[in-house]
Amino acid sequence: MAWSLAATSSMYKKHNTPSDKPYWRGQVWVNINYLVLKALKHYAEQQGGPYQEQAAGLYTQLRAHVLKNLEVQYSGHGYLYEQYDDVNGRGSGSHPFNGWTALVALIAVEA
């Protein structure tokens, strides 16, 4: 999961203040990826829609990256994290964390 939809933002990884690191910017959050996957699946299922193929491809790629990274992180550490680094996919933040990261179960059963 070494990529994120936020990387092109002008606010990407900018600090709010000199002592306040960017909490929601830059890291990969499973709950946000879940919402993006739901939207991509919706557009991928729109017959004849102008972005049907593109949405289907992005859905497949993002879903595979999320599932693979969480599998690797769980296998290596034995628990899930609150968020994941956007460059190397390593878990960070709270751990063990079974809050919104538990959405991985819903991501896994949707195909």
Margin query: Quick check against the 3.5 Å criterion: does R63 have a side-chain atom that pairs as donor or acceptor with the backbone of Y34?
Written below: no
Checklist line | Q83 side chain vs V28 backbone, donor-acceptor pair below 3.5 Å | finding: no
Item checked: Considering all heavy atoms, the nearest A44-A55 contact -> N-CB, 3.7 Å
Notebook entry, point to check: If you count the non-hydrogen atoms of other residues, nucleotides and ligands that lie under 6.0 Å from OH in Y51, is the total more than 12?
Noted result: no
Check: Once you round to the nearest 0.5 Å, how far does OG1 of T101 lie from CD of E82?
Finding: 7.5 Å
Next item on the list: For the residue pair Y84 and V66, establish whether any side-chain heavy-atom pair is separated by less than 4.5 Å.
Entry: no
Note to self: Once you measure the plane-to-plane angle for H95 and Y81, does it fall in the parallel (<30°), tilted (30-60°) or perpendicular (>60°) bin?
What the structure shows: tilted
Next item on the list: State yes or no: do V104 and L106 share one hydrophobic cluster built from I, L, V, M, F, W and Y residues joined by side-chain heavy-atom distances below 4.5 Å, directly or via other members?
Entry: yes
Next item on the list: Taking the side chain as every heavy atom from C-beta outward, state whether L37 and K41 have any atom pair closer than 4.5 Å.
Entry: no
Notebook entry, point to check: Between I107 and V30, is any pair of side-chain heavy atoms under 4.5 Å apart?
Noted result: yes
Item checked: L35 reachable from L70 in the ILVMFWY side-chain graph, under 4.5 Å edges -> yes
Check: Is E110 close to Y59 at the side-chain level, that is, under 4.5 Å between some pair of heavy atoms?
Finding: yes
Check: Short question: side chain of E71, backbone of L67 - any donor-acceptor pair under 3.5 Å?
Finding: no
Check: To the nearest 0.5 Å, how far apart are CG in L40 and CD in E45?
Finding: 11.0 Å
Item checked: For G89 against N69, the heavy-atom pair lying closest together -> O-ND2, 2.9 Å
Check: So, does N31 use its side chain to make a donor-acceptor pair with the main chain of W100 at under 3.5 Å?
Finding: no
